[in-house]
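Step one of this worksheet: look at the structure below.
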Amino acid sequence: MANDSNKFQAIISHCKEYGFIFPSSEIYDGLQAVYDYGQMGSELKKNIKDYWWKSMTQLHDNIVGIDAAIFMHPTTWKASGHVENFNDPMIDNKDSNKRYRVDHLIEGFAEELRAKGEKESNEADNLLGQMESLLAKDDFAGLKSLIETNNIKCAVSDTCNWTDIRQFNLMFSTEFGSTVSSDDEDNKVYLRPETAQGIFVNFLNVQKTGRMKIPFGIAQIGKAFRNEIVARQFIFRMREFEQMEMQFFIRPGTQKEWYEKWKTTRLEWHKSLGMPAEKYRYHDHVKLAHYADAACDIEFEFPIGFKELEGIHSRTDFDLKQHQEFSKKKQQYFDNDIDPTTGKAYGNYIPYVIETSIGLDRMFLAVMSHAYEEQDLSTAEKKDSRVVLKFPAKLSPIKLAVLPLTKKDGLPEIAEQIMADCKADFRCFYEEKDSIGKRYRRMDALGTPFCVTVDHQTKEDNTVTIRHRDSMDQERVSIEKLKNIVLNAIA
RNA sequence: GCGAAAGUAGCUCAUUUGGUAGAGCACGACCUUGCCAAGGUCGGGGUGGCCGGUUCGAGCCCGGUCUUUCGCUCCA
């Protein structure tokens, strides 16, 4: 455990030192739980994105992508349940540090009263009535004094030593329009807490304009924002993060089989990157969210333990039904296929939905923490070690480093020529400083799968040595074969 | 939010009891070497997180504050 914690720290340091991830606004002491991707990190992140996008859209005939705005009509979040379910006033007991939802605390107390007798039962009704009116007015001071005058205690500490009541909003909000006052509720818009709703509200647009037939999916990659109470553990839980989601629309009654199919498909995707199977496990949800009839996580073994990486949810027709109700626009699909049991078309229905939702930043962390390796290369004569990022080649920020053995005798010129030949096809990096060994190690630390070295023999026979990151083996190949070797490895 | 620890050069760290900061790596120049890091010479770089107090004098003592890490708490 101590070791893994050290490893996690080492990864965080490595990410910063080699330009993968910086704390946000670091010159101002950073901003809690917000991070920036640097010159290497943004490449790796983009490569993960591309791999997901391609496997979802290009390799599935019936899945298309969209890119919906982060701002959405405020009613969206009433329909989705986010406004209702995730902005409860909370209160902490200072002695036990236990946090309660204010309504739960008071309701619990009322239940106790009710159990005592008729007189107390009336008091309870009175109490709940007061609570409702205070809640409706957002009168937190009034609610606190209600708790105190009734001497409502914490079940753990048995004291009445409470903090002020605070409102925890899951969603970030801002004002729409440049001249409105900030307390005007009508102009309040939210930064989306999930990308899914952008897909749901475009369900019919995509279905009709793309002439999509059920079953079909809509994929999207985008930022989402959540006011986590505690956001920590590097990029694992951030307030601003990026999701890669796919909503798959299906005929009602088939959700079980599609849920199972996507559960399997998604795990296969992870394994297709060469990540070991034992690093993954399913975690089935027992307590389901308000919109789901089945849900599981694909967990990955990070250095901080097994944690959620991707969620697969059977969301029923909850979202589309809600949007139909709030928008007063039908969210139905007409299914022309023949139902074998009735001999007639399936007709109109609101589709059911299977969601696959993976955190891009978490995927980044998974790839990074699996790739990171500190190796002891000591021999009897000499102590030696290296840090290597064993990324799958297709995800590596830099694919090929081109290194002239010396910076004279015309070797840099040949190296520049190789650069010119390759850089249109994949990311290359040129370096002529320092000893060749040092340059190899630097490339290892960035996860570059191939280094080619131009030496004096190159001038005679047009061959170079290509050095493989993981094995550190070298082989001599002709320059003209180089590009294909790399292209094959990253295909 | 609570508790604990930490904050000195880009990085990793030193500076015994308070006397105005050093090393290695990294970086720049030059020389040397030339297929797996750490050769030589020279050089640039620090208002010691920030603010205040004690003191003739503070990186070191005291108070506050910010940030980070760990644990608890919370989490669709």
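Side-chain atoms are counted along with the backbone in the values below, which use heavy atoms only and exclude waters and symmetry mates. Convention: sequence-line order gives letters A, B, ...; per-chain numbering from 1.
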Sorted by chain and number, sequence neighbours left out, salt bridge (charged side-chain N to carboxylate O under 4.0 Å, His left out) with A/K223 holds for A/E240
With the threshold set at 4.0 Å, does a side-chain nitrogen-carboxylate oxygen contact exist between A/E242 and A/K45?
yes
Rounded interatomic separation in angstrom, taking CG from A/D470 and P from B/C36
18 Å
Name the pairing partner of B/G28, where a pair is Watson-Crick or G-U wobble with both distances under 3.5 Å, or state none.
B/C42
A/K433 side-chain N/O to B/C27 phosphate OP1/OP2 under 4.0 Å:
no
Nucleotide of B/U69, B/C36, B/C75 approaching A/Y35 most closely (side-chain heavy atoms):
B/U69
Would you list the protein and nucleotides 9-12 of chain B atom pairs, both N or O, that sit under 3.5 Å from each other?
from  : atom 1 : to    : atom 2 : distance (Å)
B/C11 : OP1    : A/K16 : NZ     : 3.4

With a 4.0 Å cut-off, would you call A/E431 and A/R439 a salt bridge?
no
Aromatic contact between A/F203 and A/F249, with the criterion being ring centroids under 6.0 Å apart: yes or no?
yes
Does A/E310 form a side-chain contact (heavy atoms from CB on, under 4.5 Å) with A/M363? I'd like the steps, not just the answer.
CA-CA 9 Å; A/E310 171 156 11; A/M363 187 63 196; over 6 Å; no
With a 3.5 Å cut-off and just heavy-atom distances, do the side chain of A/R467 and the base of B/C36 make a donor-acceptor pair?
yes
Nearest whole Å is fine: how far is B/A37 C1' from A/E431 CD?
13 Å
Pairwise 5' ranking along RNA chain B for A/P193 and A/I12, keeping only the more 5' one:
A/I12
Categorize A/D444 for me: base, sugar-phosphate, or nothing, with a 4.0 angstrom heavy-atom threshold over every strand shown.
nothing
Phosphate oxygens OP1/OP2 of B/C70: is one of them under 4.0 Å from a side-chain N or O of A/Q9?
yes
In whole Å, what separates the P atom of B/U65 from that of B/C70?
23 Å
For A/F236, which contact category applies under a 4.0 Å heavy-atom criterion: base, sugar-phosphate, or nothing?
nothing
Integer-rounded Å distance: B/C25 C1' and A/R442 CZ:
12 Å
Span that lies between the C1' atom of B/U47 and that of B/A9, in whole angstrom:
14 Å
Non-hydrogen atoms of A/D36 and A/P23 that approach each other most closely
OD2-O, 4.2 Å
Please give the distance between the P atoms of B/A14 and B/A23 as a whole number of Å.
16 Å
Working note: A/K321 + A/D319, criterion side-chain contact (heavy atoms from CB on, under 4.5 Å); need CA distance, chi angles, decisive distance, verdict.
CA-CA 5 Å; A/K321 220 151 93 183; A/D319 298 277; over 6 Å; no
Only pairs with both distances under 3.5 Å count, Watson-Crick or wobble alike; so what is the partner of B/C13 in this structure?
B/G22
For nucleotides B/C30 and B/G52, find the distance between their C1' atoms and express it as a whole number of Å.
49 Å
Minimum-distance nucleotide (side-chain atoms of A/R237 versus B/A26, B/G34, B/C75)
B/C75
How many whole angstroms separate atom CD of A/E432 from atom P of B/A29?
11 Å
Take atom C1' in B/C35 and the same atom in B/G45, then report the distance between them in whole Å.
33 Å
So, for A/F302 and A/S369, which heavy atoms are closest and what is the spacing to 0.1 Å?
CD2-OG, 4.0 Å
Name the closest nucleotide to the A/D434 side chain, picking from B/C35, B/A26, B/C27.
B/C27
Euclidean distance for P, B/G59 against B/U16 (whole angstrom):
13 Å
Counting only Watson-Crick or G-U wobble pairs whose two distances fall under 3.5 Å, which nucleotide matches B/C75?
none
So which nucleotide from B/C36, B/G34, B/C27 ends up closest to the side chain of A/R441?
B/C36
For the C1' atoms, the ones on B/U73 and on B/G3, what distance do you get once it is rounded to whole angstrom?
11 Å
Between A/D434 and the options A/R442, A/K407, A/R441, the salt bridge (charged side-chain N to carboxylate O under 4.0 Å, His left out) test singles out A/R442
A/H82 has an atom NE2; how far is it from atom P of B/C75, in whole Å?
16 Å
Could you give the CZ-to-C1' distance, from A/F8 to B/U68, as a whole number of Å?
13 Å
If pairing requires Watson-Crick or G-U wobble contacts with both distances under 3.5 Å, which nucleotide is the partner of B/A6?
B/U67
Between the base of B/A37 and the side chain of A/S385, is there a donor-acceptor distance below 3.5 Å?
yes
Going through the checks in order, is the side-chain hydrogen bond (donor to acceptor under 3.5 Å, both in side chains) test met by A/R386 and A/Q375?
CA-CA 5 Å; A/R386 70 165 181 165; A/Q375 294 178 339; 2.5 Å; yes
Whole-Å distance between B/C35 P and A/M443 CE?
19 Å
Using the P atom as the reference point in each nucleotide, state the distance between B/G39 and B/A4 in Å, no decimals.
46 Å
Give the rounded distance in Å between these two atoms: CG of A/D376 and P of B/C36.
18 Å
